[in-house]
**Q** 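Could you have a look at this structure, given as structure tokens, before my questions?
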Amino acid sequence: MHPMLSSDLADFDAILDRAREMAGTYLHELPQRSVAANLPADLSLRTPLPTHGLGAHAALQRFEQDWVPLMSGSPGPRYFGFVVGGATPAALAADWLVSSYDQNAQRNGDTGAAAIEAQAVDLLRQLLHWPEHWTGLCVTGATMANYVGMALARQWYGKQHGRDVAVDGVWGLPPMAVFAGASHSSTSKALSMTGIGHGQLHALPLLPGREALDVAALERALAAHGGAPCTVVASAGTVNTVDFDDLAAIAALKARHPFWLHVDAAFGGIAAASDKYRGLLAGIEAADSVTVDAHKWLNVPYDCALTYTAHLPLQLEVFQNRSAYLPAPLAVEDNYLHLAPENSRRFRALPLWMTLLAYGREGHAELVERNCASARYLGELLAADPLFRLAAPVRLNVVCFTLANGDAAALQRLHKALHEDGTAYLSPSVLDGQPMLRAALCNWRTTDADVEQTYVALKRLATAAVHPSP
């Protein structure tokens, strides 16, 4: 054994203790830490590979000195950029165990990891009140979950034309039309990866002032499609403004038109944990495939999302693995070797399983409702201030706003100043062609005190941005 490996084996406990100290320091400093990382302009992306090796202690020290100062405070209570949750204590503890146990969660047999994943998938289904006959699995993120949904839609589409696409490919099939409203960019990527082609994505009109699909426009498009099979991608929580398509109205169209319904609920699906907001997802039970993220509002560490489907046999046709040294599918529901894009699969379901058990129905409902209440509070503070103007209604847990004077350059200065200030992190975005800032409140730590601290910083920095020093 190499001397460094031998030395680190003998010192294993001390190495893990040091990593625990570093993690503890970072986590305890999050409320005071600068939320945004300000990277130096001359940051090098290369470093010499040591010949002998530094050993774990020295490598940890190198990371602590050179890189920890450049880590953002994204797990903290005022990181409102994109749609980023943190990691609950139970989920974080489980994630440490994932690497320690280092299981390949592909199937039952020599490990219980796949059975835990099956439980986790079903626990989340219960939390969201989704149909009992749905099956699911964990993947890396919403992009991969949308990929699985589109791969199943492609297989279904082939069957409508008497073809097994998994066997014969898509060659010779007519192009599959995909209709959507304000679909996420990962849908386009998934269509590219599956060979359907993002050029087949037809963006339909939205409701006035909304990011929700105009269902009447969808019905006209389906009628014009002449009864040919196609796919509809519905949004259950757009990233920009967390708007929802009318899933029940879209589902009703399935009685008259043949289409595969994929619901991208990566962000907003978790709203169904709350009785108060579950109605936003009414009609989702008619979906053929669904995407939902765990590393967003469920506050499970990266990377973990889920894909659900009502068509397990199609999933087996698409993803079945064929090899002399790997077993054929038997108990299919938890044999992810034959249901997932990957053969080697990280035990990413353990943090999901543990956080669902740790906080249950009430804990996750409280998180959803508290974040939504804090978002409303931030919206009220901004709407009452003559410096700001809301760019969209606060529908759930996202606040979109801009400067009241409409000065795009000043808004850019505000975003840059907030980044450098480090009090909070907000994403720049565009709505109806107009630049804006958006705050997505998804973190289990966030309280109204964080909202107030963010607002005070925004007001201070916006005043300077609107009236810059000469």
Side-chain angles (χ1 to χ4, degrees), residues 142-143 145-147 149-154 156-157 160 173-269 271 279-292 391-393 395-396 398 400 429-434 436:
T143 297
N146 283 335
Y147 166 79
M150 291 302 96
L152 298 183
R154 181 189 62 189
W156 169 85
Y157 180 76
Q160 308 310 300
L173 281 176
M176 182 179 76
V178 181
F179 298 109
S183 60
H184 189 264
S185 59
S186 63
T187 300
S188 178
K189 184 183 289 190
L191 292 172
S192 295
M193 291 193 295
T194 53
I196 296 168
H198 61 74
Q200 303 309 317
L201 181 60
H202 303 274
L204 298 178
L206 306 177
L207 294 175
R210 300 273 303 277
E211 287 189 312
L213 174 65
D214 183 339
V215 179
L218 172 61
E219 186 167 17
R220 290 193 296 270
L222 292 171
H225 202 54
C230 58
T231 291
V232 173
V233 176
S235 295
T238 59
V239 169
N240 236 12
T241 67
V242 69
D243 208 346
F244 287 73
D245 289 341
D246 187 339
L247 301 181
I250 294 172
L253 297 178
K254 294 187 78 174
R256 302 190 298 279
H257 304 279
F259 61 87
W260 179 278
L261 176 57
H262 176 75
V263 177
D264 185 347
F267 178 11
L280 291 169
L281 290 110
I284 197 171
E285 61 277 2
D288 297 292
S289 55
V290 173
T291 287
V292 64
R395 295 189 178 91
L396 203 61
V398 172
C400 300
S429 189
V430 176
L431 183 64
D432 295 330
Q434 301 301 310
M436 66 174 187

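Quick caveat: nothing in here was measured; it's all calculated off a predicted structure.
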**Q** Take Cys230 and Leu222 through the side chain to side chain contact (heavy atoms under 4.5 Å, CB included) test and state the conclusion after the steps.
**A** CA-CA 8 Å; Cys230 58; Leu222 292 171; 3.5 Å; yes

**Q** Tell me the closest heavy-atom pair linking Ser429 and Asn240, and the distance in Å.
**A** OG-OD1, 2.5 Å

**Q** To the nearest 0.5 angstrom, please state how far the NE2 atom of His262 sits from the OG atom of Ser235.
**A** 9.0 Å

**Q** Could you tell me which residues satisfy side-chain contact (heavy atoms from CB on, under 4.5 Å) with Ala217, sequence neighbours excluded, listed by chain and number?
**A** Pro205, Asp214, Arg220

**Q** Which side-chain N or O atoms in residues 252-261 pair as donor and acceptor under 3.5 Å with protein atoms at least two apart or in another chain?
**A**
residue	atom	partner	partner atom	Å
Lys254	NZ	Ala286	O	3.1
Lys254	NZ	Asp288	OD1	3.4
Lys254	NZ	Asp288	OD2	2.7
Arg256	NH2	Glu219	OE2	2.6
Trp260	NE1	Ser289	OG	2.9

**Q** Just jot down the side-chain contact (heavy atoms from CB on, under 4.5 Å) partners of Gln160, sequence neighbours excluded, or say none.
**A** Trp156, Pro229

**Q** Can you see which heavy atom on Leu247 is nearest to which on Ala236, and at what distance?
**A** CD1-CB, 4.4 Å

**Q** Can you list the residues that meet the salt bridge (charged side-chain N to carboxylate O under 4.0 Å, His left out) rule with Arg395, with sequence neighbours excluded?
**A** Asp243

**Q** Using salt bridge (charged side-chain N to carboxylate O under 4.0 Å, His left out) as the criterion, list what pairs up with Asp246, not counting sequence neighbours.
**A** none

**Q** To the nearest 0.5 Å, tell me how far Asp245 CG sits from Leu281 CG.
**A** 11.0 Å

**Q** Looking only at heavy atoms, which two atoms of Val263 and Ala287 are closest? And how far apart?
**A** CG2-CB, 3.7 Å

**Q** If I take atom OH from residue Tyr147 and atom CG from residue Leu191, how far apart are they, to the nearest 0.5 angstrom?
**A** 11.5 Å

**Q** To the nearest 0.5 Å, how far apart are OH in Tyr157 and CD1 in Ile196?
**A** 9.5 Å

**Q** Measure across Thr241 and Ala392 and return the closest heavy-atom pair with its distance rounded to 0.1 Å.
**A** CG2-CB, 4.0 Å

**Q** Please check: side-chain N/O of Asp264 versus main-chain N/O of Ala266, any donor-acceptor pairing under 3.5 Å?
**A** yes

**Q** Return a table of donor-acceptor pairs under 3.5 angstrom between the side chains of residues 173-183 and protein atoms on other chains or two or more places apart.
**A**
none

**Q** Check side-chain contact (heavy atoms from CB on, under 4.5 Å) between Ala145 and all other residues, then give those that pass, not counting sequence neighbours.
**A** Val139, Thr291, Thr307

**Q** Going by side-chain hydrogen bond (donor to acceptor under 3.5 Å, both in side chains), name the pairs with one or both residues in residues 190-208, residues two or more places apart or in two chains.
**A** none

**Q** Please find the pair of heavy atoms, one from Cys400 and one from Val398, that lie closest to each other, and give the distance.
**A** SG-CG1, 3.8 Å

**Q** Under the salt bridge (charged side-chain N to carboxylate O under 4.0 Å, His left out) test, which residues partner Lys189, sequence neighbours left out?
**A** none

**Q** Please name the pair of heavy atoms, one in Ala265 and one in Val290, separated by the smallest distance, quoted to 0.1 Å.
**A** CB-CG1, 4.3 Å

**Q** Identify, with sequence neighbours excluded, every residue that meets side-chain hydrogen bond (donor to acceptor under 3.5 Å, both in side chains) alongside Ser186.
**A** Asn146, His184

